[in-house]
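Everything below concerns the one structure shown next.
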Amino acid sequence: MMYKSTTKRLLATSVVAVLLPGVVGSAYLVPNVAHAEVKTVACKVTAFLVQKDGDGIIPAELKFLEEQLHDDSFAAFKGFRLLETKALRLGVDKPGLAALKSGFQLKLSLLGEVNSKLKLHANLLAPGRDAPLVDTDYAIDDNGLLLVGGVRHLEGKIFFAIQCGKQPS
Amino acid sequence: MTEPHFDPQQLNAFLDDELSAPERAEVERLLMTNPEASAYLAGLKALQGAVVAGFEAEAAKVPEARFEQIWDEIERTLDRDLRLQKAPEPAPSLWARLRGALRPVFVPVASAAAVAGVVAVLWSGRGAVDGPADTAPTVATKAAPEQPVLADSSKPAAEEHEVVLPEPNGGPAHIQRIDWGVKSGRISEIEGKRNTTTVIWISDDDPSSSERSL
C-alpha cells in the first residue's frame, strides 16, 4: 500500500486540503483572464470578377483563392480577374467601410470574440440599391476567409473575399 | 553390418508412387532379382498398412460432430491469428503510461501542479487588473460613436500595405444571422486541403450595373 503510516496519510490530506481552495479559486479566475477580447483586427477585402469565358488561369493576385476557385462550386467559371483590394482596420465600435470602384460598398464591424473566433458583421450594398444585398453576423477563425458574392456585374459575377486577422492593440 | 544392395529411399519413393516411369521400371527389375529389396518393400507395405489401419480405427471412434468441432477450432484459431496480424495489440496510451509512472508520486505531483496553477493564475490576475476589462461585445451597427473608417481608393497605397495578413486559414464561418436583400441566396462550404471556406451566394436576378468602370 502506498501510504502505510497515518502520518503520511494525514500529510497528504492536509496538502490537498490546503491547495484545494487554490485550485477552485484558479478555476474561478481563469475564465476572466480568458475573456480578454480582441480589440483590433485587420481585414483585407478582395473584389474579383468571375466569368464563364476564360482560359481558366487564376492570376497571381488571386492565387490565395486558388483552392476555392478550383472547387466544383466555381466550375462554371473560367475567367478570373482581380478588381480591387481594400485594407481595413476595425476596432470594437469602430467599423470600416470599403467603398469599391465598382460601386459596391462593404461595411465590416468587429463585434467581439467568441471562443477564440472573431465575431464580425458584414453588410454588402450594391450600387443603386437602398437595401443591402446581404447583412450577416458571423464567427470565424483568426485569418479565416469568407466569400460573399455571385451578384451579376456587367461581364460576369462579382465576389468579395473577406479575411480578417487579429492585430496587436 | 553390410549395406543393402538397393536404395531404401528409392523403395520408399516407389511405394509412395513418386518415381518416374523409367525409375519405376528399374525398381521393378530390382525387385524381381533382389529378394532383399522385395523383403524390404514388403516390410514397408506392412508398416504402412498398420499405420493407416491404426489411424482409420482411431478416426472411426470419433464422431462426425467432433471432426466439425476440430475444424471449427482450427478456423477460429486461424481467424484470431489473422486478426492479430492485422491489428496488433495497441501500445499502452500515453495517459496510461503516465498514470502508471506517476502513481507512486501522485500526491506530491498533484500538489506541485496545484501550487504552480495558483501562482500562474495570481500572476496573470495581476496583469488583468491593470487594464480595464472589456467583456461584452458591442454591436457596431448600434449608434457607433465614431464614423466608419473609409478605405477609399484615393488613400495612399502605403496605408493598404500596413495590413499584412498570412495565407487564409482556419475552419468555416459560422453564420449566426443573415438577412437577404435579394430574392434568394444560399450558403455553402468549400472543403480545401488547408481550410474550409464558407461562401455566401447571392442570387440576384437583376443585373447590378455600375456606372463606374471596372
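Residue numbers begin at 1 in each chain, while the letters A, B, ... track the order of the sequences.
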Apply side-chain contact (heavy atoms from CB on, under 4.5 Å) to I202(B) and K157(A), showing your working. CA-CA 10 Å; I202(B) 302 167; K157(A) 292 192 172 185; over 6 Å; no
Please check if the number of heavy atoms outside [X] that lie under 6.0 Å from its [atom1] is greater than 12.
X	atom1	result
K63(A)	NZ	yes
D130(A)	CG	no
N115(A)	CG	no
D55(A)	CG	yes

Enter the distance from [X]:[atom1] to [Y]:[atom2] here, rounded to the nearest 0.5 Å.
X	Y	atom1	atom2	answer
R152(A)	S203(B)	CZ	OG	9.5 Å
I190(B)	L147(A)	CD1	CG	6.0 Å
D137(A)	D179(B)	CG	CG	8.5 Å
L146(A)	H174(B)	CG	NE2	12.0 Å
D71(A)	E189(B)	CG	CD	11.0 Å
W180(B)	D135(A)	CH2	CG	11.5 Å

Please check if the side chain of [X] supplies one atom and the backbone of [Y] the other of a donor-acceptor pair under 3.5 Å.
X	Y	value
E67(A)	T197(B)	no
R177(B)	H121(A)	no
N143(A)	P168(B)	no

Salt bridge (charged side-chain N to carboxylate O under 4.0 Å, His left out) against E61(A), all qualifying residues, sequence neighbours excluded: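 So E61(A) forms no salt bridge (charged side-chain N to carboxylate O under 4.0 Å, His left out) with any residue.
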Can you check whether [X] reaches [Y] side chain to side chain, under 4.5 Å on heavy atoms?
X	Y	result
V134(A)	I178(B)	yes
T196(B)	Q68(A)	no
Q176(B)	V114(A)	no

Below 4.5 Å from any heavy atom of chain B, which atoms of [X] appear? Answer side chain, backbone, both or neither.
X	value
K117(A)	side chain
D72(A)	neither
F159(A)	side chain
L90(A)	neither

What is the minimum heavy-atom distance between A173(B) and I140(A), and which atoms define it?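 Closest approach of A173(B) to I140(A): CB-CD1, 3.8 Å.
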Could you check which of A122(A), G144(A), A139(A), A161(A) has the highest count of heavy-atom pairs closer than 4.5 Å to chain B?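 Option with the greatest count: A139(A).
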For W201(B) and F74(A), take the angle between the two ring planes, folded into 0 to 90°, and tell me which bin it lands in: parallel under 30, tilted 30 to 60, perpendicular over 60.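 Tilted.
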Among I175(B), N195(B), L165(B), V199(B), which residue forms the greatest number of heavy-atom pairs with chain A at distances under 4.5 Å?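 Of the candidates given, the most pairs with chain A belong to L165(B).
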